[in-house]
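Note that this is a predicted model, so its numbers are computed, not measured.
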Amino acid sequence: MPELPEVETVARDLRGAVTGRRIERVTVDRPDIVRVPDGRMLPALLTGQRFEGIERRGKYLLLGLDSGDELMVHLGMTGHLLVCDADAPVAKHTHLRASLDDGHELRFDDARRFGRIAYGSREALTAARVLPRLGVEPLSEAFSQARLDAVLRTTTRTVKAALLDQKGVAGLGNIYIDEACFLAGVRPTRRCHRLARRERAALLDAIRQVLSAAVVNRGSSIDDYRDVWNARGSNQERLQVYGRGGMPCFECGTTLRRTVAAGRTTVYCTSCQR
DNA sequence: CCCCTATCCTGAGGGC
DNA sequence: TGCCCTCAGGATAGGG
C-alpha cells in the first residue's frame, strides 16, 4: 500500500528518470482510470511535452510539464509507476504507457485499479477535486506541535481515524499510523481529545521518525509496492506491529492485539501502548 | 461532526 | 486440481 514513504521514493526516482525527457507517444488501455478536461484525450494532451519538476503532495504525485499543466498520479492500493525499456513486455495490468525520447517508457500498472491519473493545471485539478485539499506535510518544517495539536486536540474521534484523514496530516496510511502509534506508546483506539500533552508530543516525534526511516529504506514492500525500477524497498523488515497481530511484541513479548478501528485492521501492543 | 458501511477491484490464501 | 469464500484497503459517498 503506497503511503508517503513509498510515493516519496517514486517521486525521487522519477526526478532522475524522466525530468527533461520529451513524451513521444502515449497509449491508454484503460480510459476509466484517467480524468482529463472536458472530453479531451490524454495522448493528444501529453504528446510532445517535456517533464519538468516532479512533486509529491501527500500520497499524490504531480509530474510537471512544460505547458505548465501537470500529470497527477495516485497509486491507490496496487498502482505502480515504472520506467522500463520501451520494448519490454507489457504486463497484464498496464493501463498507460508514455514512450520517452531516451528509449524508455513510463508505465502505469495497477491490478486493482484503485489508482487514478488526471491531467490539468493545479487549479483545475483542485477545482475538479481530483486533487483534494490536503493537510500538513509531516516531513516538512510546517509539521509542528501546534499543527498536530490542531488536528488532535478538539476532536473526539480515535487517533486512527484522525490520522487516516488526509485533510489533517497528508500521507499517512494504515501501516505508518500503526507504526507511529507503537513508537509513541499510544493505542490507535484512543480518543484524540483525551490525549495528554506528552502523548501528542510523542506522536509528533514518532510520525516524523517512522516516516523518515521508511523513506531512507525506500518504503515497505509488503506485497505489491515496487519502485520505479520495479525493485522492492526494505522497510517491511523493520515494521514493529503492522501485519503482526497475534505475534509477540518485539519490545515486551506480549501477544499483539488485532482489532478494527475506523474500518481498518489495526494492531497494537496492550502493554507498550496505553 | 463522526461513525459505519458499501463501493470500486484482483489476487492470495484457507477450507473442502 | 479447483471452486468458493474471505480478506486486504485509499478514497469517497450515503445513511444513521
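Hydrophobic clustering keeps A/Leu134 apart from A/Leu139 (ILVMFWY residues linked when any side-chain heavy atoms are closer than 4.5 Å, directly or through intermediates).
If you measure from atom OH of A/Tyr176 to atom P of C/dG9, you get 14 Å, rounded to the nearest angstrom.
Relative to the ring axis of A/Phe250, A/Arg244 places its NZ or CZ within 45° and under 6.0 Å from the centre.
Counting only residues at least two apart or on different chains, the salt bridge (Lys or Arg N to Asp or Glu O under 4.0 Å) pairs with a member in residues 127-143 of chain A are A/Arg56-A/Glu137, A/Arg57-A/Glu137. Screening residues 61-82 of chain A for salt bridge (Lys or Arg N to Asp or Glu O under 4.0 Å), with sequence neighbours left out, gives A/Glu70-A/Arg122.
From A/Arg15, atom CZ reaches atom CD of A/Glu55 across 8.0 Å, with rounding to the nearest 0.5 Å.
Place A/Arg113 and A/Thr156 on DNA chain B by their nearest nucleotides, and A/Thr156 ends up nearer the 5' end.
Here chain A contacts DNA chain B (any atom closer than 4.0 Å to a heavy atom, that is under 4.0 Å), and the contacts span B/dC2 to B/dG11 from 5' to 3'.
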Atom pairs under 3.5 Å: protein N/O with N/O of nucleotides 10-14 of chain C:
residue : atom : partner  : partner atom : Å
C/dG10  : N7   : A/Arg264 : NH2          : 3.0
C/dA11  : OP1  : A/His74  : NE2          : 3.0
C/dA11  : OP2  : A/Lys59  : NZ           : 3.2

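Listed by first residue number, the stems of DNA chain B with at least three Watson-Crick or G-U pairs below 3.5 Å are B:2-16 with C:2-16.
In terms of phosphate contacts, A/Tyr242 brings a side-chain nitrogen or oxygen within less than 4.0 Å of OP1 or OP2 of C/dG9.
No contact: A/Lys160 has no heavy atom under 4.0 Å from any strand.
In this structure A/Lys160 satisfies the salt bridge (Lys or Arg N to Asp or Glu O under 4.0 Å) test together with A/Asp178, sequence neighbours excluded.
A salt bridge does not link A/Lys92 with A/Asp109: none of the charged nitrogens is closer than 4.0 Å to a carboxylate oxygen.
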